[in-house]
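Since the structure comes first, as structure tokens, the remarks are kept for the end.
Proteins get letters first, then strands, A, B, ... in listed order; numbering begins at 1 in each.
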Amino acid sequence: MRFTSLLAPTLKDDPADAETVSHKLLVRAGMIRQVARGIYDFLPLGLRALRRVEAIVRCELDAVGCQEILMPMVCPAELWQESGRWTHYGKELLRLRDRQDRDFCLGPTHEELVTDIARRDLRSYRELPRNLYQIQTKFRDEIRPRFGLMLGREFVMKDGYSFHIDRADAEREYRLMFDTYSRIFERCGLRFRAVEADTGAIGGSLSHEFQVLAESGEDAIAACTRCSYAANAEKAEVRAPSASTGTSRARESVHTPDQGRIEDVARFLGLPESAFIKTLIFVREDGSTLAALVRGDHQLAEAKLRSASGASTLALADAATVERVTGAPVGFAGPVGLAGPVFVDRALHGIRGATCGANRADTHLVGVEHGRDFGDNAIFADLRQAISGDGCARCGEGHYALHRGIEVGQVFYLGTKYSSSMGATVLDAAGEARPLEMGCYGIGISRTVAAAIEQSHDDDGIIWPRALAPFAVEIVPVSMRDEAVITTAEALHRELNAARVDTLLDDRDERPGVKFKDADLIGLPLRATIGAKGLARGIIEVRRRDDGSVEEIPVEGAVARLRELAT
RNA sequence: CGGGGAGUAGCUCAGCUUGGUAGAGCACUGCGUUCGGGACGCAGGGGGCGCAGGUUCAACUCCUGUCUCCCCGACCA
């Protein structure tokens, strides 16, 4: 490909609306362009990177027996009504109406559609297992899209679904997909970690996320330094503390005017935040309320509370509800005398001399003690987010180190959630109709492109992993006025292409500095610089984008050498 | 949805406080010089200031409405 015919509008300035590195660099390198919030054009270079990821995904999935299909982006409401998600999915589901006034939605995921295929076309256990996938544009009307390709509303996703006669076979497939995903991300050249994950709104019971490790990641993941256990910090089980904390003292109330935040009260009273009990009020789906207690310096993990309380959905109570339940404005809730179910994090078991809200305006209680002052209606559970240094509950010995990650893939064991609600059954060997056991497996293709950049870049631009680079080699003729330079560059370009090495020839009549800057920005793994001085000595200079190392190679045999370096 | 910020040339921004009919750098066009890390000179082209109203002799500047984009949002009990 010639630069002069490539649409690659590189920019010197960072775009004003970009925050993250990948967003800035993708735009600056002329790979994507924003069209509306969370919606982007892919320009040729960006598309090529996207296609690289797709190709790896296809290759690995096809190799383990998956079959590619393509389902519609516009989905009829009926199927979503059948599964119940038409009413439950929420505002992320973009609904539309056609000219006949029929309801449709843009598919944010395709369990309904694929289950519909399965129930129509799969009849017998003999036709199982099946694993169907598609690579397609998805739409989720996110509340707050951000960070370019990281959290778009429209994005490219590979979603796969498998069908089995029983749970054992579904779990076998789950493990197969787990291994396949590991291979896919390895091939992409990414540093990642597979972590146990919450199953979230989709449901199911067994799930791993594939997290690309990057400082800018939005997910916190906890990995044991001793064993192989790693999990989303939301889910990572925290080992129960061995000893209770604090010293006993008499309970008394203190006047804390306008001190509603733990941070403020802690300063006001000169106490550490860890000596506080944080009391949060939640509302269940049916409108009933419950309280959750964590230590002042800890964060509640909503997913844990959800499973401890058995509530399918939980929402933090609004100010009016808090006042009704606690009898005090927001900021002064506490467990003492609080009615209703109270879920308590294990770190508070046996706590003494603690401080909490008094359920009275502008008042806190000090010297609060578990057992003496609260606990009758307490249900103890692991409720908080893991933090660095927490004990690993899995091996019982190690401790957690926290990392930031970008979720690029997830594998789920789904069970019969959709097959049951949508009547997707097959006959088993005994001639009995059984709902299909299902698994589902996703990879954020466009997000993977962004994640690769978050993980691999420098001040000058992108540093593509070989496997994802839009081109393998960029040829930079230092001058477009020098016959020998041009001839050599053209020949190299031609021969590399013939040798199936994707090559970009920067044939623009620009000064060398401009070309070098753009080459660094675009970030192809190898740059072959051809200049008059080098040619006089019969050499071409090859520079690696990742470590900046330079190798001079003879013009004779340059193709073979470059091909070697490129693979 | 709540809070904050911003919409002026392709990009990054200045100009609005104190209304008088729009500017810089980069990019772009032509010519010349230059040519191994974002060159230089000269000469050019391009926007009427998100949109719609209003006030005024006069609005990018003031007022009202509206749209779009960006950032933050249990952390508090």
Side-chain angles (χ1 to χ4, degrees), chain A residues 9-20 23-24 27-28 30 33-39 91 143-148 256 258-266 273 276-283 289 291-302 305 314-319 321-323 325-336 338 342 355-365 384-385 387 460-461 476-482 485 506 508-521 527 529-536 540-541 543 548 550:
Chain A
T10 57
L11 265 24
K12 286 186 184 176
D13 295 313
D14 278 336
D17 56 5
E19 265 281 288
T20 46
H23 189 186
K24 287 179 185 168
V27 172
R28 281 193 54 208
R33 195 113 310 172
Q34 182 167 130
V35 175
R37 78 190 306 240
I39 299 176
K91 280 153 287 184
I143 308 172
R144 208 185 138 204
R146 64 194 118 159
F147 306 148
T256 50
D258 300 324
Q259 306 283 323
R261 298 157 32 122
I262 283 192
E263 195 187 330
D264 298 336
V265 193
E273 291 185 22
F276 279 71
I277 296 172
K278 197 189 294 194
T279 306
L280 297 94
I281 308 297
F282 282 88
V283 183
T289 60
L293 269 52
V294 293
R295 218 169 69 186
D297 57 331
H298 289 158
Q299 302 267 318
L300 180 84
E302 254 188 67
L305 178 61
L314 281 175
L316 205 64
D318 57 33
T321 308
V322 169
E323 222 165 319
V325 174
T326 68
V330 169
F332 299 94
V336 180
L338 193 64
V342 180
T355 303
C356 63
N359 297 325
R360 186 142 49 95
D362 297 340
T363 312
H364 278 74
L365 297 174
R384 68 182 177 87
Q385 270 194 36
I387 53 178
D460 293 316
V476 177
V478 163
S479 165
M480 289 308 285
R481 309 290 171 83
D482 184 308
V485 168
D506 193 345
R508 293 175 300 172
D509 184 16
E510 287 286 356
R511 298 169 62 86
V514 173
K515 295 189 183 187
F516 292 149
K517 287 289 181 191
D518 272 346
D520 286 344
L521 178 59
R527 186 184 85 196
T529 311
I530 300 176
K533 288 179 224 160
L535 283 188
I540 290 170
E541 174 192 303
R543 183 189 159 95
V550 171

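Remark: P of B:rC40 and CZ of A:Arg511 are 8 Å apart, rounded to the nearest angstrom. In this structure, A:His23 atom NE2 and B:rC69 atom P are separated by 12 Å, rounded to whole Å. One can place NZ of A:Lys24 at 18 Å from P of B:rC11, the figure rounded to the nearest angstrom. Look at NZ on A:Lys515: it is 13 Å from P on B:rA39, rounded to the nearest Å. If you take CG of A:Leu293 and P of B:rC75, they are 17 Å apart, rounded to a whole angstrom. Atoms CG (A:Asp506) and P (B:rG36) sit 15 Å apart, rounded to a whole Å. Between A:Asp13 atom CG and B:rG25 atom P the separation is 14 Å, expressed in whole Å. A:Leu535 places its CG atom 12 Å from the C1' atom of B:rG36, with the value rounded to the nearest Å.
For A:Arg527 against B:rG36, a side-chain-to-base donor-acceptor contact under 3.5 Å is absent. Checked by distance alone, A:Arg37 brings no side-chain donor or acceptor within 3.5 Å of a matching partner on the base of B:rU68. Taking 3.5 Å as the limit, the base of B:rC71 and the side chain of A:Glu19 contain no donor-acceptor pair of atoms between them.
The minimum heavy-atom distance linking A:Val476 with A:Phe516 is given by the pair CG1-CE2, 3.8 Å. Nearest approach of A:Ser479 to A:Val485, heavy atoms of both residues: O-CG1, 3.4 Å. Minimum interatomic distance between A:His23 and A:Asp17 (heavy atoms only, all atoms of both residues): CE1-O, 3.8 Å. Taking each heavy atom of A:Ala532 and A:Asp482 in turn, the nearest pair found is CB-OD2, 3.5 Å. Closest of all the heavy-atom pairs between A:Arg543 and A:Val550 is CG-CG2, 4.0 Å. What you find for A:Thr326 and A:Asn359 is that their closest heavy atoms are O-CB, 3.2 Å.
Proximity of A:Gln34 to the phosphate of B:rU68: no side-chain N or O atom is located under 4.0 Å from OP1 or OP2. Considering only side-chain N and O atoms, A:Arg146 lies nowhere under 4.0 angstrom from the phosphate OP1 or OP2 of B:rC70.
Counting non-hydrogen atoms under 4.0 angstrom, A:Asp14 reaches the backbone sugars and phosphates but no base. A:Thr529 comes within 4.0 angstrom of a base, heavy atoms only. Counting non-hydrogen atoms under 4.0 angstrom, A:Arg384 reaches nothing in the nucleic acid. If you check every strand for non-hydrogen atoms under 4.0 Å, A:Leu300 touches a base. Contacts of A:Arg295 with the nucleic acid, taken as non-hydrogen atoms under 4.0 Å apart, are absent. Within 4.0 Å of A:Pro329, counting heavy atoms only, lies no atom of the nucleic acid at all. Across all strands shown, A:Asn359 has no heavy atoms under 4.0 Å from either base or sugar-phosphate atoms.
Considering OG1 of A:Thr10 and CG of A:Leu521, their distance stands at 6.5 Å, rounded to 0.5 Å. Atom CD1 of residue A:Ile281 and atom OG1 of residue A:Thr321 lie 9.5 Å apart, to the nearest 0.5 angstrom. A:Ile530 CD1 to A:Asp506 CG: the interatomic distance, rounded to the nearest 0.5 Å, is 11.5 Å. One distance of note links CG of A:Asp518 with CG of A:Asp460; it measures 11.5 Å at 0.5 Å rounding.
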Strictly under 3.5 Å: I want the nitrogen or oxygen pairs between protein and nucleotides 27-30 of chain B, one per line.
residue : atom : partner : partner atom : Å
B:rA27  : OP1  : A:Lys12 : NZ           : 3.4

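Although no hydrogens or angles enter the test, the distance criterion places a donor-acceptor pair under 3.5 Å between the side chain of A:Lys515 and the main chain of A:Pro477. Under the 3.5 Å distance criterion, the side-chain polar atoms of A:Arg33 are matched with a main-chain donor or acceptor of A:Val27.
Side chain of A:Val514, nearest nucleotide from B:rC11, B:rC70, B:rG38: B:rG38. With B:rC11, B:rC35, B:rG38 as the choices, the nucleotide that has an atom nearest any side-chain atom of A:Arg481 turns out to be B:rC35. Picking from B:rC75, B:rC69, B:rG36 the nucleotide with the shortest atom distance to the side chain of A:Phe516 gives B:rG36. Looking at the side chain of A:Val478, the nearest of the listed nucleotides B:rG36, B:rC75, B:rG38 is B:rG36. Looking at the side chain of A:Lys517, the nearest of the listed nucleotides B:rG37, B:rG25, B:rC70 is B:rG37.
Along RNA chain B, the nucleotide closest to A:Lys533 and the one closest to A:Ala36 are compared, and the more 5′ of them pairs with A:Lys533. Closest-nucleotide positions on RNA chain B for A:Phe276 and A:Pro512 were compared, and the one nearer the 5' end corresponds to A:Pro512.
B:rG50 and B:rG15 have their P atoms separated by 14 Å, given to the nearest Å. If you take atom C1' in B:rG47 and the same atom in B:rG7, they sit 14 Å apart, rounded to whole Å. Straight-line distance between the C1' atoms of B:rU12 and B:rA52: roughly 29 Å, to the nearest whole Å. Straight-line distance between the C1' atoms of B:rG23 and B:rG30: roughly 24 Å, to the nearest whole Å. Taking the P atoms as reference points, B:rC11 lies 31 Å from B:rG19, given to the whole Å. Comparing the same atom, P, in B:rU56 and in B:rU68 gives a spacing of 31 Å after rounding to whole Å. Taking atom P on both nucleotides, B:rC63 is separated from B:rA39 by 44 Å, rounded to a whole Å. Taking the P atoms as reference points, B:rC69 lies 31 Å from B:rG46, given to the whole Å.
Within 6.0 Å of atom CZ in A:Arg146, more than 12 heavy atoms from other residues, nucleotides or ligands are found, so the atom counts as buried in its surroundings.
For B:rG25, the glycosidic angle deviates from 0 by more than 90°, giving an anti base.
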Base-pairing string, 5' to 3', of RNA chain B - Watson-Crick or wobble, under 3.5 Å, | interstrand: (((((((..((((......[..)))).((((((.....)))))).....(((((..]....))))))))))))....
